[in-house]
Amino acid sequence: MSLAYPSSIPSLIAMLTQHGLGHYLHTHYGDRTFQGLYELNAFDAMLLVPYFVVMVILAFYGMHRYQLVYLYYKHKKNATKEPPRHFEQLPRVTIQLPIFNEQFVIDRLIEACCNLEYPRELLDIQVLDDSTDETTVVASEIVSRYRELGHDINYVHRTDRYGYKAGALDHGLKSAKGEFVAIFDADFVPPPDWLMKVIHHFAEPEVGMVQTRWTHLNRDYSFLTQVEAILLDGHFVLEHGGRSRAGVYFNFNGTAGMWRREVIGQAGGWQHDTLTEDTDLSYRAQLIGWKFKYLQDVECPAEVPIEMTAFKTQQARWAKGLIQTSKKILPRVFKSDAPLHTKIEAFYHLTANLSYPLMVVLSTLLMPAMVIRFYQGWFQMLLIDLPLFMASTFSISSFYLVSQRELYPRQWYKTFLYLPFLMSLGIGLTVTNTRAVMEALFGIQSSFKRTPKYRVQKRGEKSQAAKYRKRLGIVPWIELLIGCYFALTIWYAIVNENYFTIPFLLLFVVGYWYTGLLSLLQGRFERWRSGGANTDESSPKPFPVGV
């Protein structure tokens with residue numbers, strides 16, 4: 001059928017020049033000369049049925065993003081600002097700092113916590129160190145120095161890493177002195193007034209946890225960190241903002257938040273049977289009636305990963321952990337007395353990462369589906385495929401545009417530059433996150449793999465990433481091969497004048513090639529400069545990327 005039309009871009013240009021755009025659209029998309037010649041057969045149906053099932057499911061998850069935006073604005077009056085009441089006498093607070101091989105950032109973290117504006121006699125700090133490298137010496141010396149200055153700060157070192165981060169937090173609670181517990185990961189730098197902005201929200205006795213918004217110390221370090229910052233902003237503005245304002249369940253993010261200590265015990269304590277112990281505990285606490293608050297206007301700066309491999313490690317851990325939590329928690333949610341809309345929102349929240357294996361299925365079926373759909377005609381493609389595509393993909397771009405407009409009303413339009421790469425990066429994570437999700441579904445356990453922090457904030461600063469990097473594996477090569485497959489689909493689309501699909505396919509090519517090449521090249525450059533890969537087994541191999 002394609003022989004009746006120009007089969008190359010030069011011929012297309014010549015036809016447009018000679019006859020005009022109207023003639024081209026009529027002959028290509030309005031001509032029904034061959035209508036009725038194609039008949040759907042069993043083989044085509046076997047391909048198209050799963051193709052459309054996946055597209056519909058992805059469209060539902062895409063529509064859910066619109067729902068979060070709607071909730072964010074509909075319940076804008078419910079945004080938490082100032083606490084409705086204050087403590088007459090400030091309570092005692094414990095600050096827990098769980099660390100593991102964080103020697104480049106631990107001094108900055110401890111200094112920031114010791115500089116918090118809070119009565120020193122009401123504040124104790126725990127450095128919960130599970131490190132296996134020089135961090136133990138660095139951290140203990142810093143703690144000793146601040147103890148001599150009069151701070152109630154203690155260094156707690158474990159050698160077994162039982163329970164990983166959850167185990168460290170639980171171990172620290174045994175000696176904690178505070179009624180309330182604030183938690184900061186190693187790369188965070190809480191501002192001096194953070195504690196005073198948060199603590200008075202607990203004057204309401206039903207409040208069990210308060211989460212604050214992450215900001216990004218090294219947002220401008222590279223193009224990658226810019227995109228990562230936009231991704232996190234979407235989560236902290238529209239996901240947390242929409243859910244908290246609507247009064248449905250949302251989660252503690254593992255850091256930059258504070259708990260009422262009794263809530264942790266009543267909810268069953270820190271448990272390490274999932275990789276997202278923070279989300280697990282959050283749902284258990286809310287299921288027994290405790291209320292959570294989200295303070296969007298209270299910021300706590302931190303670093304985002306500067307390397308693709310570290311970013312993949314982080315995202316894969318979150319993807320696997322949320323699916324593990326969904327298996328554990330959703331049955332309790334559905335059996336609870338929570339309103340139906342709360343249960344539905346919990347389902348979308350905890351199962352969102354199922355979209356990654358669905359994307360693998362979609363990727364596999366895309367080329368044969370394109371062939372079949374081409375011979376079915378353009379009308380059907382525009383009527384069915386386009387709405388599904390818009391629901392499942394355009395919602396992503398609009399979601400992050402809205403979040404940037406909320407945070408940066410004067411310069412949010414710059415986000416348009418990053419949108420194609422933001423969508424491509426999400427696609428490029430499919431391989432690693434699918435592996436993580438499948439391991440969660442099949443009950444394959446793995447250790448908690450930290451995200452390396454390098455204390456790099458400004459463009460051009462040299463990182464010491466090589467210390468925690470391992471040898472390269474096969475995953476980046478798989479990503480490059482998948483990118484080549486989608487490049488082949490673009491060639492097919494051009495030959496058959498299926499031009500509407502090319503921008504969509506380009507996102508796949510850029511996404512897989514971008515993640516694959518950065519995973520390879522960032523490691524290669526460091527090895528060339530440092531003279532070889534790190535072989536120190538005390539530096540854990542990130543999971544599940546091939547580094």
Side-chain angles (χ1 to χ4, degrees), residues 54-55 57-66 68-69 216 222-239 304-305 307-323 348-364 366 388-404 415-438 451 475-476 478-480 482-483 485-486 503-519 544-545:
V54 170
M55 285 284 284
I57 295 174
L58 290 175
F60 271 105
Y61 280 105
M63 292 299 293
H64 176 246
R65 293 182 181 272
Y66 292 120
L68 288 173
V69 175
H216 320 292
S222 67
F223 193 86
L224 175 62
T225 57
Q226 285 276 9
V227 174
E228 290 173 355
I230 294 172
L231 287 169
L232 284 172
D233 287 343
H235 170 72
F236 278 94
V237 174
L238 293 177
E239 290 193 57
V304 293
E307 290 194 323
M308 180 62 70
T309 52
F311 177 60
K312 287 179 178 178
T313 303
Q314 179 191 72
Q315 295 298 310
R317 186 180 72 243
W318 292 349
K320 182 173 184 176
L322 282 179
I323 297 300
Y348 274 114
H349 178 200
L350 296 178
T351 64
N353 288 300
L354 291 176
S355 60
Y356 288 107
L358 292 175
M359 285 292 293
V360 171
V361 176
L362 181 65
S363 300
T364 304
L366 192 58
L388 291 176
F389 165 74
M390 295 295 288
S392 58
T393 59
F394 184 71
S395 62
I396 298 174
S397 58
S398 59
F399 185 82
Y400 292 107
L401 280 172
V402 171
S403 69
Q404 295 304 292
T415 310
F416 281 100
L417 171 65
Y418 298 98
L419 278 182
F421 298 95
L422 185 149
M423 297 175 68
S424 294
L425 182 60
I427 292 170
L429 293 172
T430 298
V431 175
T432 53
N433 284 3
T434 294
R435 175 178 172 180
V437 168
M438 297 309 293
T451 305
V475 171
I478 294 175
E479 292 165 343
L480 292 178
I482 297 175
Y485 168 77
F486 280 101
F504 176 62
L505 296 173
L506 276 173
L507 294 177
F508 283 80
V509 175
V510 173
Y512 285 114
W513 282 355
Y514 182 59
T515 54
L517 285 173
L518 276 188
S519 298
V545 301

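Counting from 1, the numbers follow the sequence of the chain as shown. These values consider heavy atoms only, across backbone and side chains, with no hydrogens, waters or symmetry-generated copies.
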Close side-chain approach of Leu224 and Leu425, heavy atoms under 4.5 Å: yes

Check: Ile396 and Leu422 side chains under 4.5 Å, non-hydrogen atoms: yes

All ring-ring contact (aromatic ring centres under 6.0 Å, His included) counterparts of Tyr514, not counting sequence neighbours: none

Phe60/Tyr348 aromatic ring centres below 6.0 Å: no

Flag, side chain of Ser424 to backbone of Phe421, donor-acceptor distance under 3.5 Å: no

Test side chain to side chain contact (heavy atoms under 4.5 Å, CB included) applied to Thr351 - qualifying residues, sequence neighbours left out: Tyr61, Ser326, Leu330, Phe347, Leu354

Residue list, ring-ring contact (aromatic ring centres under 6.0 Å, His included) with Phe508, at least two apart or on another chain: Phe486, Phe504

Flag side-chain contact, heavy atom, 4.5 Å: Leu238 against Tyr400: no

Close side-chain approach of Tyr512 to Leu480, heavy-atom, < 4.5 Å: no

Thr434 side chain vs Tyr356 backbone, donor-acceptor pair below 3.5 Å: yes

Non-neighbouring partners of Phe399 that pass ring-ring contact (aromatic ring centres under 6.0 Å, His included), sequence neighbours left out: none

Nearest non-hydrogen partners of Val437 and Asn353, listed with the distance: CG2-O, 3.4 Å

Tyr485: ring-ring contact (aromatic ring centres under 6.0 Å, His included) partners, not counting sequence neighbours: none

Distance (rounded to the nearest 0.5 Å) between Asn433 CG and Leu322 CG: 10.5 Å

Derivation of the side chain to side chain contact (heavy atoms under 4.5 Å, CB included) call for His216 and Thr225: CA-CA 9 Å; His216 320 292; Thr225 57; over 6 Å; no

Thr432 OG1 to Arg317 CZ distance, which is reported to the nearest 0.5 Å: 13.0 Å

Heavy-atom pair with the smallest gap, counting every atom of Glu228 and Pro305: OE1-O, 2.7 Å

Rounded distance (nearest 0.5 Å) linking atom CG of Leu362 with atom CG of Leu58: 6.5 Å

Inter-residue atom distance His64.NE2 - His349.NE2, 0.5 Å rounding: 9.0 Å

Set of residues satisfying salt bridge (charged side-chain N to carboxylate O under 4.0 Å, His left out) with respect to Glu479, sequence neighbours excluded: Lys312

For Ala316 against Ala436, the heavy-atom pair lying closest together: O-CB, 3.4 Å

Smallest separation among heavy atoms of Gly428 and Thr515, with atom names: O-OG1, 3.4 Å

Heavy-atom pair with the smallest gap, counting every atom of Pro476 and Gly516: CB-O, 3.6 Å

Gln404-Asp233 side chain donor-acceptor pair, cut-off 3.5 Å: yes

Shortest non-hydrogen contact between Tyr66 and Ser398, atoms and distance: CE2-OG, 3.5 Å

